[in-house]
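Because the structure is a prediction, the values reported are computed rather than measured. Every chain is numbered from 1 and lettered A, B, ... according to where its sequence line falls, protein lines coming before strand lines.
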There are 2 protein chains.
Amino acid sequence: MTTTNRLSSPLTAPVNWQMIRADVLERIQSGKWQPGDGVPKEADLAAHYGCTRSTVGRALRDLAQAGFLERRRRGGTIVAANPVRKAPLEVPILGDAIRKAGHAHDFRVIRAETGPAQQDEASALAIAAGARVFRYDALHLADGKPFQFESRVLNLLAAPEILQADLTQMPIDEWLLRNRPLERVTIEISAIAAPQAAALHLAIAPDTPVLLVRRISWARQKSIGLLHLYHQPDHRIRTGF
Amino acid sequence: MTTTNRLSSPLTAPVNWQMIRADVLERIQSGKWQPGDGVPKEADLAAHYGCTRSTVGRALRDLAQAGFLERRRRGGTIVAANPVRKAPLEVPILGDAIRKAGHAHDFRVIRAETGPAQQDEASALAIAAGARVFRYDALHLADGKPFQFESRVLNLLAAPEILQADLTQMPIDEWLLRNRPLERVTIEISAIAAPQAAALHLAIAPDTPVLLVRRISWARQKSIGLLHLYHQPDHRIRTGF
DNA sequence: TAGTGGTCTAGACCACAAA
DNA sequence: TTGTGGTCTAGACCACTAG
């Protein structure tokens, strides 16, 4: 089943790594090289393309990173058996998503207060239940119309200075970017019936299906905050490759 | 506002590109190098780390690809002003997602027939309205329980052989992988009230909010198919970095 | 243990865009 | 115009692992 592919006559045209990448990719996507098949070793490909092994390596490394190839020392390179493609999902600053779409961005702070963490919040943030957290709700507008409702719970142990920031001027997202750059984030996307607060601010009927993006961020081994983003019913998260 | 960062004393410890990457990233994430600031040029960094420019370049290229740096010829390298981080969203073979989660995968073909393309389908696939398409609906089960409902419209102009395939044995996803490897895909994620067919097969109440993943795939300049994936109400798409 | 990919060096030329 | 990153070469040694 798994064969080892061979090459035809050597090419002598001038090449760069992107051309090699394209050529190998074409062989995979056209089916000439099937999933599971072996790919010639770097030295052979270098001879075929008339370049050094470094250049071939750059091309193959890129294809492996994209999920098309699997490489192992000593074991050689094969066409990925289960090509798990990855679509890059952009995680922008909140206002940027709106501006990028060509709309004017504005926001209104709806709540900004401290209080004790509830059970589920505490476990999400890996802090003690009842620990002091900062609750921040805001509505983001695109061209003056409600676009997304933001509800955050920030871990005050990790970012106490947030209480001194003027959040009516700077969106909390930008404050966090400057003061607590994201190191690690977990994202969950789900569909839920709009809860009352979100429905109210988004000006939609309660229980309308909406996209919920739930994000937990970490920096320096500590949880920074828990973010819930509720979108308009017609909102779509777009990605692809 | 935008300063040009300098380096302290040269390091002489042995380094590889990943250590340089980590060191530069630490300077960014700790706030020592602020968004918009200039990063020393490759040659200076090479001197600082005691390695060649190639090695430094590898590290910086990787950080740029990850969204932390912006690089321009002649213009130099700066810390990204709006760090747009990218969370990789995996696009697996349908059954794989279930198996990967540790469940047994099974599927039932619900519909497999040809017919004319409707207006919206035709425009999504960039074919003529009324062109012959192949409709395929299937239910995917995890440990015997309904997990996701798949509804496809395939462009028969791009993949006529699908009519000869035995789709009761091989999931259509695997057939497509082998015969029409994905070149380009657009993905849209939204929240909708479950349509009747999906609700029926997922065994949920109609109009329950569910996640809809809509995927249009292309190969060799032609649209291959349009996929609608309806998930259980509690389903979450997970990603992060 | 031997063969493959992973990495680094020291140097060179080129492409692009800022000054 | 000129300084920066982008790329390539020819060679070397190392790390991992399949046989």
Side-chain angles (χ1 to χ4, degrees), chain A residues 1-7 10-24 28 33 36-81, chain B residues 1-7 10-24 28 33 36-81:
Chain A
M1 179 64 75
T2 68
T3 67
T4 301
N5 288 301
R6 298 194 172 253
L7 297 160
L11 301 178
T12 46
V15 288
N16 58 27
W17 72 269
Q18 310 190 44
M19 297 159 79
I20 297 174
R21 191 200 128 106
D23 188 64
V24 172
I28 296 171
W33 291 356
D37 282 3
V39 169
K41 62 187 182 194
E42 288 191 352
D44 291 351
L45 286 169
H48 175 254
Y49 290 113
C51 65
T52 57
R53 193 163 74 84
S54 316
T55 305
V56 170
R58 173 98 190 254
L60 297 189
R61 184 196 317 145
D62 197 88
L63 287 170
Q65 204 172 2
F68 292 105
L69 298 177
E70 292 171 12
R71 318 194 72 193
R72 273 182 216 169
R73 286 175 175 172
R74 164 81 197 191
T77 300
I78 64 170
V79 178
Chain B
M1 179 63 77
T2 68
T3 66
T4 300
N5 289 301
R6 297 191 173 256
L7 298 159
L11 301 178
T12 46
V15 287
N16 58 27
W17 72 269
Q18 310 191 46
M19 296 158 83
I20 296 174
R21 191 199 127 107
D23 188 63
V24 172
I28 297 171
W33 291 358
D37 283 4
V39 169
K41 63 186 180 193
E42 288 192 350
D44 290 351
L45 286 169
H48 175 255
Y49 290 114
C51 65
T52 58
R53 193 164 75 84
S54 318
T55 304
V56 170
R58 173 98 189 253
L60 297 189
R61 185 195 317 145
D62 196 86
L63 286 169
Q65 205 173 359
F68 292 104
L69 298 177
E70 291 172 14
R71 318 193 71 194
R72 271 181 218 170
R73 286 175 176 176
R74 166 79 198 190
T77 301
I78 63 169
V79 179

Comparing A/Leu60 with A/Ser54, nearest DNA chain C nucleotide closer to 5' gives the residue A/Leu60
Quick one: CZ on A/Arg72 to CZ on A/Arg74, what's the gap to the nearest 0.5 Å?
-> 13.5 Å
With a non-hydrogen cut-off below 4.0 angstrom, is B/Glu70 in contact with a base, only sugar-phosphate, or nothing?
-> nothing
Ignoring backbone atoms, establish whether B/Arg61 has a side-chain N or O less than 4.0 Å from OP1 or OP2 of D/dG6.
-> no
Please give, in whole Å, the distance from C/dT7 C1' to B/Ile20 CD1?
-> 12 Å
Return the value, rounded to whole Å, for the distance between atom CD of B/Glu42 and atom C1' of C/dT9.
-> 15 Å
Just wondering, do A/Val56 and A/Trp17 contact through their side chains at under 4.5 Å, heavy atoms?
-> no
Any idea which of D/dG6, C/dT7, D/dC8 is nearest the A/Asn16 side chain?
-> D/dC8
Would you kindly compare B/Pro40 and A/Thr55 by the position of their nearest DNA chain D nucleotide and give the one closer to the 5′ end?
-> B/Pro40
For the pair made of NZ in A/Lys41 and C1' in D/dT17, what is the distance, rounded to whole Å?
-> 16 Å
Scan B/Thr77 against the nucleic acid and name what it touches under 4.0 Å (heavy atoms): base, sugar-phosphate only, or nothing.
-> sugar-phosphate
Any ion pair linking B/Arg58 and B/Glu42 (charged N to carboxylate O, less than 4.0 Å)?
-> no
According to a strict under-4.0 Å criterion, is B/Gln18 in side-chain N/O contact with OP1 or OP2 of C/dG6?
-> no
Whole-Å distance between C/dG5 C1' and A/Trp17 CH2?
-> 18 Å
For B/Arg74 and C/dC16, what is the distance between atoms CZ and P respectively, to the nearest whole Å?
-> 15 Å
In Å, rounded to the nearest 0.5 Å, how long is the span from SG of B/Cys51 to CG of B/Asn16?
-> 9.5 Å
With distance as the sole criterion, do the side chain of B/Arg53 and the base of C/dG11 form a donor-acceptor contact below 3.5 Å?
-> no
Separation of atom CZ in A/Arg71 from atom P in C/dT7, rounded to whole Å | 10 Å
Residues two or more places apart in sequence or in another chain: which of them pass side-chain contact (heavy atoms from CB on, under 4.5 Å) with A/Leu69?
-> A/Ile28, A/Val39, A/Leu60, A/Leu63, A/Ala64, A/Thr77, A/Val79
Who is the Watson-Crick or G-U wobble partner of D/dG19, with both distances under 3.5 Å?
-> none
Specify the separation, in whole Å, of atom CD1 of A/Ile78 and atom P of C/dG3.
-> 21 Å
Between C/dG6 atom P and A/Asp62 atom CG, what is the distance in whole Å?
-> 13 Å
